[in-house]
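Report on the structure given below.
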Amino acid sequence: MKQIASLFTFMLLFFGACTLSSCSDDDAPEANAFTGAQQADFIKSMVLTSKGDIAFTPADAEGVYMVAVDNEDLAYQEASAAAGYLFLHTGTELFTLNDGYGSVQLKKSTEDGIFLTESFQVKGIPSFTLQIVSEAYYHNNNIIPPLPQGYNWVCMSCFKRFPEKCDTCPYCGGVVCQYGNSSEVF
């Protein structure tokens, strides 16, 4: 019995030493898993319609578009979803795509009714600025026309837009409701 206990103790010590001394790359920086082309393609899927038009509502200035949300936290979620990058609440942030495919800059706005301004400079997408605004600002005649015709359904989780209604988002499983009618979610 003593021999079994000694053998068991020896095995524990041996495997413990092997575990602690094995090679590891824990200190090496993680390589980004996505190429610039993949990042740009994701952004295109989030901000362009199938016809290649910007999928947001044009504002009253050339190259400026708007989307309405209820609060600043949702504004950051919208900005992060559109860029495929987690923006923090730090004021001004720059997300640079890999391989020189461009960048997305996010700025906290000081203008009343505008939460954030997101500027897209990405290969394969027309350069544009997205203002993420309050519902009141959005409905106060600060827009040109509504969303491109046929893209009036939006996922309330990832903000992906769809030409027709579906109950759940095929990308994230979120609830899809008619754009501008988020009360369907609750």
| said: side chain to side chain contact (heavy atoms under 4.5 Å, CB included), that's the test. Do Val67 and Val133 meet it? Break it down for me. | reply: CA-CA 6 Å; Val67 64; Val133 302; over 6 Å; no

| task | Show your reasoning for whether side chain to side chain contact (heavy atoms under 4.5 Å, CB included) applies to Gln39 and Asp99. | result | CA-CA 10 Å; Gln39 292 170 320; Asp99 309 320; over 6 Å; no

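Under the 30°/60° scheme for interplanar angles, the aromatic rings of Phe128 and Tyr65 are found to stand perpendicular.
Screening Leu116, Thr117, Leu130 for a side chain to side chain contact (heavy atoms under 4.5 Å, CB included) involving Leu106 leaves a single residue, Leu116.
Distance check: Glu135 CD to Asn71 CG gives 10.5 Å after rounding to the nearest 0.5 Å. The distance from atom CD1 of Ile132 to atom CD of Gln77, rounded to the nearest 0.5 Å, is 10.5 Å. Distance check: Thr35 OG1 to Leu97 CG gives 9.5 Å after rounding to the nearest 0.5 Å. Atom NZ of Lys44 and atom CZ of Phe120 lie 13.5 Å apart (nearest 0.5 Å). Considering CD of Gln105 and CZ of Phe95, their distance stands at 13.5 Å, rounded to 0.5 Å. Interatomic distance, Asp112 CG to Ser134 OG, rounded to the nearest 0.5 Å: 7.5 Å.
The pair Lys108-Glu72 meets the salt-bridge criterion, since a charged nitrogen lies less than 4.0 angstrom from a carboxylate oxygen.
At least one side-chain heavy atom of Val104 sits under 4.5 Å from a side-chain heavy atom of Ile43. When side chains are defined from C-beta on, Glu118 counts as touching Phe87, because their heavy atoms get closer than 4.5 Å. Taking the side chain as every heavy atom from C-beta outward, Gln131 and Tyr138 never approach each other to under 4.5 Å. A 4.5 Å side-chain heavy-atom check between Asp53 and Leu48 finds every atom pair outside the cut-off.
Panel note: side chain Glu78, backbone Val69; no donor-acceptor pair is recorded below 3.5 Å. Of the possible donor and acceptor atoms, none in the side chain of Thr49 sits under 3.5 Å from a partner among the backbone N and O of Ala55.
For the pair Gly100 and Lys123, the tightest heavy-atom approach, listed with the atom from each and the gap, is O-CE, 3.4 Å. Listed here is the closest heavy atom pair of Gln121 and Ser127: OE1-OG, 3.0 Å. Nearest heavy atoms, Phe115 versus Ala75: CB-CB, 3.6 Å.
In this structure, Ile114 is not a member of the same hydrophobic cluster as Val64, with clusters built from ILVMFWY side-chain heavy atoms closer than 4.5 Å.
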